[in-house]
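The model shown is predicted, which means the values in this text are computed figures rather than measured ones.
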Amino acid sequence: MKVDGANLAAARERVFMSQEELAEALGMNPYVIIGLETAERTEIRDNLGKDLAEILFVGRAELTSYPDPPQPVDESRPDLEDDAEEG
């Protein structure tokens with residue numbers, strides 16, 4: 001699933017959550033949320049998309065910009081490869 005950072009940030013702000021609070025609810029590092037919202041990474045696993053949608057009270061479609069999804073993460077960046085695989 002590809003996430004649109006602006007859509008994610010807007011959904012998070014509608015439920016008055018900080019990036020840190022969302023990360024904590026997901027059991028993740030806040031830098032994952034920051035990376036998604038700044039489009040440093042866009043690919044996530046479907047189960048994370050489902051969890052994000054549930055926590056933010058939105059449909060998964062609201063977290064993406066389909067049919068024009070963001071570009072995929074640059075796989076040549078070693079600091080992002082591990083996170084992209086974890087999804």
Side-chain angles (χ1 to χ4, degrees):
M1 174 178 174
K2 292 186 181 189
V3 173
D4 181 290
N7 292 359
L8 174 60
R12 178 182 56 75
E13 290 168 0
R14 279 195 305 267
V15 295
F16 304 101
M17 289 185 92
S18 68
Q19 292 170 327
E20 293 80 10
E21 290 169 330
L22 179 56
E24 185 176 328
L26 293 164
M28 304 183 99
N29 186 309
Y31 291 108
V32 174
I33 303 302
I34 293 167
L36 288 169
E37 290 187 3
T38 59
E40 282 188 30
R41 67 181 284 164
T42 58
E43 282 289 329
I44 61 171
R45 291 190 177 161
D46 285 338
N47 62 338
L48 177 56
K50 179 179 176 275
D51 292 344
L52 279 169
E54 287 178 7
I55 291 169
L56 300 174
F57 303 102
V58 297
R60 282 191 270 184
E62 290 182 57
L63 298 176
T64 188
S65 56
Y66 180 84
D68 298 314
Q71 295 298 314
V73 172
D74 179 0
E75 295 293 333
S76 65
R77 290 193 50 195
D79 60 319
L80 295 179
E81 285 183 27
D82 294 333
D83 289 341
E85 290 175 9
E86 293 173 11

Query raised in the report: Is any side-chain heavy atom of L22 closer than 4.5 Å to a side-chain heavy atom of L56?
Result: yes
Query - Gap between atom CG of D4 and atom CG of L63 - 0.5 Å precision - result: 9.0 Å
Report summary line: Quick note, salt bridge (Lys or Arg N to Asp or Glu O under 4.0 Å) partners involving residues 24-36, not counting sequence neighbours, are none
Report task. Group every Ile, Leu, Val, Met, Phe, Trp and Tyr by side-chain heavy-atom contacts under 4.5 Å, then state whether L8 and F57 land in the same group. Result -> yes
Report task. List in chain and number order the residues that pass side chain to side chain donor-acceptor pair (under 3.5 Å) with E54, two or more places apart in sequence or in another chain; answer none if no residue qualifies. Result -> K50
Query raised in the report: What heavy-atom pair brings A25 and M17 nearest, and what distance separates the two atoms?
Result: CB-CE, 4.3 Å
Report summary line: Using a 4.5 Å side-chain heavy-atom cut-off and chaining through intermediate ILVMFWY residues, the residues clustered with Y31 come out as I34
Requested in this report: Please examine the side chains of R60 and M1, heavy atoms only from C-beta on, and report whether any two atoms are closer than 4.5 Å.
Outcome: yes
Report summary line: d(I44 CD1, T64 OG1) to nearest 0.5 Å is 9.0 Å
Query raised in the report: Can any side-chain N or O of T42 pair as donor or acceptor with the backbone N or O of V3 at less than 3.5 Å?
Result: no
Report summary line: Here the pair of heavy atoms bringing A53 nearest to G59 is CB-C, 4.1 Å
Query raised in the report: Who passes side chain to side chain donor-acceptor pair (under 3.5 Å) against E37, sequence neighbours left out?
Result: R12, Q19
Query raised in the report: Taking C-beta and beyond as the side chain, do I33 and L26 meet within less than 4.5 Å on heavy atoms?
Result: yes
Report task. Identify, with sequence neighbours excluded, every residue that meets salt bridge (Lys or Arg N to Asp or Glu O under 4.0 Å) alongside E62. Result -> R14
